[in-house]
Amino acid sequence: MRAKASKPRARSKPDLAKVHDRVLAWFEEHGRSFPWREHRDPYQTLVAEMMLQQTQTGRVAPAYGTFLAKFPDVRTLAHAPAMEVIQAWRGLGYNRRAVDLQRSAQAIEHEYGGVVPSDLKALRALPGVGDYSASAVACFAYDRQVPVVDVNVRRVLSRAARASDELSLDETRRVAAEWLAPGEAYRWNQALMDVGAMICRIDKPLCAQCPLKATCEYRARGLNKGPRPERRPKQSPFEGSSRQKRGGIIDHLRDTAGEGVSLSVLAKVIHPNGHKDLTWLVELLEGLEREGLVEMTPGARRGSARGIVRLPG
DNA sequence: TTCCTGGTTT
DNA sequence: AAACCAGGAA
């Protein structure tokens with residue numbers, strides 16, 4: 001690590017006790033309610049956080065209840081056919097997370113006696129569990145006093161503590177730990193996420209309603225009035241992409257779960273206009289197979305039109 | 001840091 | 001068509 005040219009200047013520290021009071025009071029009145037906020041069951045928390053990783057709350061809410069009804073505990077999920085888990089994931093996207101979640105359940109079953117670990121390192125080692133999900137489970141299920149940082153929280157802290165530019169990951173971790181409300185991590189973390197989602201939005205933040213407005217650098221400098229600052233480089237089109245085709249393949253296999261589908265049928269489904277070369281399809285399928293989302297007969301792997309593809313049993 | 005992922009929004 | 005969201009992984 002090297003010294004940055006634009007080191008953040010020294011500034012008077014905000015009165016964190018006041019900030020905590022205001023934010024927690026705001027949360028009491030305006031915080032969102034979700035099914036996964038009505039319990040602290042570690043397994044259910046893990047399921048919720050895996051679903052919430054890249055999927056918005058509105059899409060997660062209905063799937064969440066259905067999923068838990070079918071797989072009520074670690075043991076059930078760990079022993080279920082992968083196919084059923086993938087099917088229960090319908091509508092959530094990022095199908096790989098379904099496989100990751102089940103593999104996590106299997107690891108929990110076999111390595112931790114069926115008890116979701118509360119330790120950050122142990123959680124972090126589960127497949128598909130990164131910093132965010134690990135800290136979310138540790139805090140929300142076990143009341144561990146650790147920061148939970150998603151992009152919303154990062155943005156809130158970046159604006160409140162620095163104003164311009166986003167805090168680096170290391171800086172975010174440091175600030176998040178420093179600002180954590182003592183003994184109130186559970187409510188504090190959820191409050192910051194809600195502030196980020198409801199008030200401190202990327203575009204046109206509602207600063208007038210913000211519980212952090214008194215100490216916010218971003219607002220103090222009037223940057224909230226300016227144009228949208230952040231900008232993301234490139235992004236290939238979704239239409240016709242491998243991402244889209246992967247999703248289409250899994251969607252189709254879900255509907256024909258038991259028997260599986262031949263390569264030629266799959267090719268037509270994914271590319272209705274006809275496509276002689278099956279190589280592109282086999283490459284996609286090999287990727288899906290590596291991720292545990294499909295099974296292929298040897299014929300399919302060779303590119304034979306009659307080769308069969310199915311969801312894993 | 002950069003890439004990947006699956007959709008939705010603009 | 002392009003931008004965007006939001007994590008995990010390499």
Side-chain angles (χ1 to χ4, degrees), chain A residues 1-2 4 36 45-63 86-104 107 120-140 147-158 165-173 176 189 192-194 196-198 200-205 227-254 270 283-294:
Chain A
M1 210 172 74
R2 63 183 177 79
K4 297 256 300 209
W36 47 91
T45 302
L46 177 64
V47 171
E49 296 305 335
M50 290 292 286
M51 289 183 170
L52 288 164
Q53 277 172 10
Q54 286 106 339
T55 305
Q56 286 132 335
T57 55
R59 292 167 68 83
V60 167
I86 295 168
Q87 285 180 318
W89 207 257
R90 187 191 301 266
L92 289 170
Y94 300 88
N95 297 302
R96 185 188 181 150
R97 292 180 299 160
V99 176
D100 286 340
L101 177 56
Q102 183 178 35
R103 287 179 178 168
S104 288
L120 280 180
K121 277 203 183 68
L123 286 165
R124 187 69 175 68
L126 297 171
V129 176
D131 286 336
Y132 166 77
S133 304
S135 52
V137 171
C139 180
F140 300 151
V148 178
V149 178
D150 66 4
V151 293
N152 291 306
V153 172
R154 184 179 181 182
R155 184 174 60 253
V156 172
L157 293 176
S158 295
D165 294 346
E166 191 152 65
L167 295 170
S168 70
L169 283 177
D170 278 347
E171 289 169 327
T172 305
R173 272 191 273 272
N189 286 320
L192 278 193
M193 291 197 286
D194 283 6
M198 301 165 68
C200 195
R201 309 180 304 198
I202 293 180
D203 209 13
K204 300 187 172 79
R228 192 179 176 123
E230 292 126 274
R231 189 118 290 230
R232 214 170 276 231
K234 54 180 159 190
Q235 168 93 16
S236 44
F238 179 68
E239 189 63 32
S241 66
S242 67
R243 316 204 305 280
Q244 188 192 36
K245 290 179 189 133
R246 283 168 52 102
I249 289 169
I250 300 301
D251 279 346
H252 188 75
L253 292 178
R254 267 199 276 252
I270 304 310
E283 280 172 13
L284 278 182
L285 288 169
E286 282 172 339
L288 290 167
E289 187 176 45
R290 276 192 294 276
E291 294 174 17
L293 280 163
V294 305

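The structure presented is a predicted model; accordingly, all values stated were derived computationally and were not measured. Each chain gets a letter, A, B and so on, in the order the sequences are listed, and its residues count up from 1.
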Checklist entry - Is the count of non-hydrogen atoms from other residues, nucleotides or ligands lying under 6.0 Å from Gln56(A) atom CD greater than 12? => result no

Next on the checklist: Applying a 4.0 Å non-hydrogen cut-off, can you work out what Arg59(A) is touching in the nucleic acid: base, sugar-phosphate, or nothing?
Outcome noted: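 Sugar-phosphate only.
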
Next on the checklist: Considering every strand and a 4.0 Å limit on heavy-atom distances, what is the contact class for Asp100(A): base, sugar-phosphate, or nothing?
Outcome noted: nothing

Checklist outcome for this item: In short, Pro205(A) meets Cys200(A) closest at the heavy-atom pair CB-CA, 4.2 Å

Checklist entry - Of all heavy-atom pairs between Thr55(A) and Met51(A), which one has the smallest distance, and what is that distance? => result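 Result for this residue pair: CB-O, 3.3 Å.
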
Atom-to-atom span, [atom1] of [X] to [atom2] of [N] - whole angstrom:
X         : N       : atom1 : atom2 : answer
Asn152(A) : dG7(C)  : CG    : P     : 7 Å
Phe238(A) : dC4(B)  : CZ    : P     : 15 Å
Asp203(A) : dT10(B) : CG    : P     : 10 Å
Lys204(A) : dC4(C)  : NZ    : P     : 13 Å
Ile250(A) : dG6(B)  : CD1   : P     : 8 Å

[N] phosphate, OP1 or OP2: any side-chain N/O from [X] under 4.0 angstrom?
X         : N      : answer
Arg246(A) : dT5(B) : yes
Arg124(A) : dG8(C) : no
Ser133(A) : dG8(C) : yes

Next on the checklist: As a test of reading the structure: which of dG7(C), dG6(B), dC5(C) is closest to the side chain of Gln53(A), going by heavy atoms?
Outcome noted: dG7(C)

Checklist entry - In terms of side-chain heavy atoms of Tyr132(A), which of dC5(C), dG8(C), dG7(B) is nearest? => result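 From the listed options, dG8(C) comes nearest.
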
Next on the checklist: Taking Asp251(A) first and then Arg254(A), would you say they form a salt bridge - that is, a charged N and a carboxylate O separated by under 4.0 Å?
Outcome noted: yes

Checklist entry - Quick one: does Tyr94(A) reach the base of dG6(B) with a side-chain donor-acceptor pair under 3.5 Å? => result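 Such a pair is found, so the answer is yes.
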
Next on the checklist: Both Arg243(A) and Arg96(A) contact DNA chain C. Which one's nearest nucleotide lies toward the 5' end?
Outcome noted: Arg243(A)

